[in-house]
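These numbers were taken from a predicted model, which means no experiment stands behind them.
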Amino acid sequence: MDTTATLAPIDRILDDFAFLDEWDDRYRYLIELGRGLAPLSPEAHNDANKVQGCASQVWLEKSLRQEADGPHLDFRGDSDALIVRGLVAIVIALFSGRPANEIVETDAEAVFEKIGLREHLTAQRSNGLRSMVTRIKTEAAAAAAA
């Protein structure tokens, strides 16, 4: 399940955030990113896909495919909160479609730092973002070890 066709690549997202000076504009952009997520089926809104540690409800659906360079993980996601849905879109743009070993090695905090997320998110949203990254990296590590 290739989600990259519907989402902006992470490099473009970073460029767009750099272009926007005001955080009100960045929040609007974050909401736009969330609106760009492909909808999850009602069946995907289940306990297995639910990310623990998020104040809002967040679901991440993973699929695994084997490529010549090893397992690749694809993600789709959703949230019941608009800004969090935008954060889901950023996380998916950062990790989806990549080899499991690259996902494990990716420094998500450095990417979030470039955007300025850490200082502009509430503690609850920051914790939820960390929970999403931890969940994805855990699944990637398991796929890489298999």
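- When the shell of 6.0 Å around CD of Glu22 is examined, it contains 12 or fewer heavy atoms from other residues, nucleotides or ligands.
- In this structure, the side chains of Phe95 and Leu60 stay at 4.5 Å or more apart for every pair of heavy atoms.
- For the atom pair CD1 (Ile10) and CZ (Phe17), the distance works out to 8.5 Å, reported to the nearest 0.5 Å.
- Across all non-hydrogen atoms, the minimal contact from Gly77 to Leu37 is O-CD1, 3.6 Å.
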Give every donor-acceptor pair under 3.5 Å between a side-chain atom in residues 137-146 and any protein atom, sequence neighbours left out.
from: Lys137; atom 1: NZ; to: Val104; atom 2: O; distance (Å): 3.0
from: Lys137; atom 1: NZ; to: Thr106; atom 2: O; distance (Å): 2.4
from: Thr138; atom 1: OG1; to: Thr134; atom 2: O; distance (Å): 2.8
from: Glu139; atom 1: OE2; to: Arg135; atom 2: NE; distance (Å): 2.8

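- Contact between Ser79 and Val88 at its shortest, heavy atoms only, is CB-CG2, 4.4 Å.
- Side-chain atoms of Leu87 and Met132, non-hydrogen and from C-beta on, do get closer than 4.5 Å to each other.
- The shortest distance between side-chain heavy atoms of Phe19 and Asp15 does not fall below 4.5 Å.
- Between Ser63 atom OG and Leu73 atom CG the span is 7.5 Å, to the nearest 0.5 Å.
- Counting heavy atoms from C-beta outward, His72 and Asp69 have side chains that approach closer than 4.5 Å.
- The salt bridge (charged side-chain N to carboxylate O under 4.0 Å, His left out) analysis of residues 26-54, with sequence neighbours excluded, yields the pairs Asp25-Arg28.
- The nearest pair of heavy atoms linking Trp23 to Ile115 is CZ2-O, 3.4 Å.
- The CZ atom of Phe112 sits 10.0 Å away from the CG atom of Leu14 when rounded to the nearest 0.5 Å.
- Atoms CG and CD1, on Leu33 and Ile83 in that order, are 12.0 Å from each other to the nearest 0.5 Å.
- Taking CD1 from Ile31 and OH from Tyr27, the interatomic distance works out to 10.0 Å, rounded to the nearest 0.5 Å.
- The two residues Asp21 and Ala18 come nearest to each other via the heavy atoms OD1-O, 4.5 Å.
- Considering only residues two or more places apart in sequence or on other chains, Ala44 meets the side chain to side chain contact (heavy atoms under 4.5 Å, CB included) condition with Leu40, Ser41, Asn49, Glu61.
- Using a 4.5 Å heavy-atom threshold, the side chains of Ile90 and Ile13 count as touching.
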**Worked check of side-chain contact (heavy atoms from CB on, under 4.5 Å) between Val58 and Asp78** = CA-CA 6 Å; Val58 174; Asp78 195 9; over 6 Å; no
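- For the residue pair Trp59 and His45, no side-chain donor N or O sits within less than 3.5 Å of a side-chain acceptor on the partner.
- A distance of 9.5 Å separates CD in Glu119 from OG in Ser126, rounded to the nearest 0.5 Å.
- Applying the 6.0 Å contact sphere to CD of Glu109 captures more than 12 heavy atoms from other residues, nucleotides or ligands.
- Under the 4.0 Å criterion applied to side-chain N and carboxylate O atoms, Arg65 and Asp74 are assigned as salt-bridge partners.
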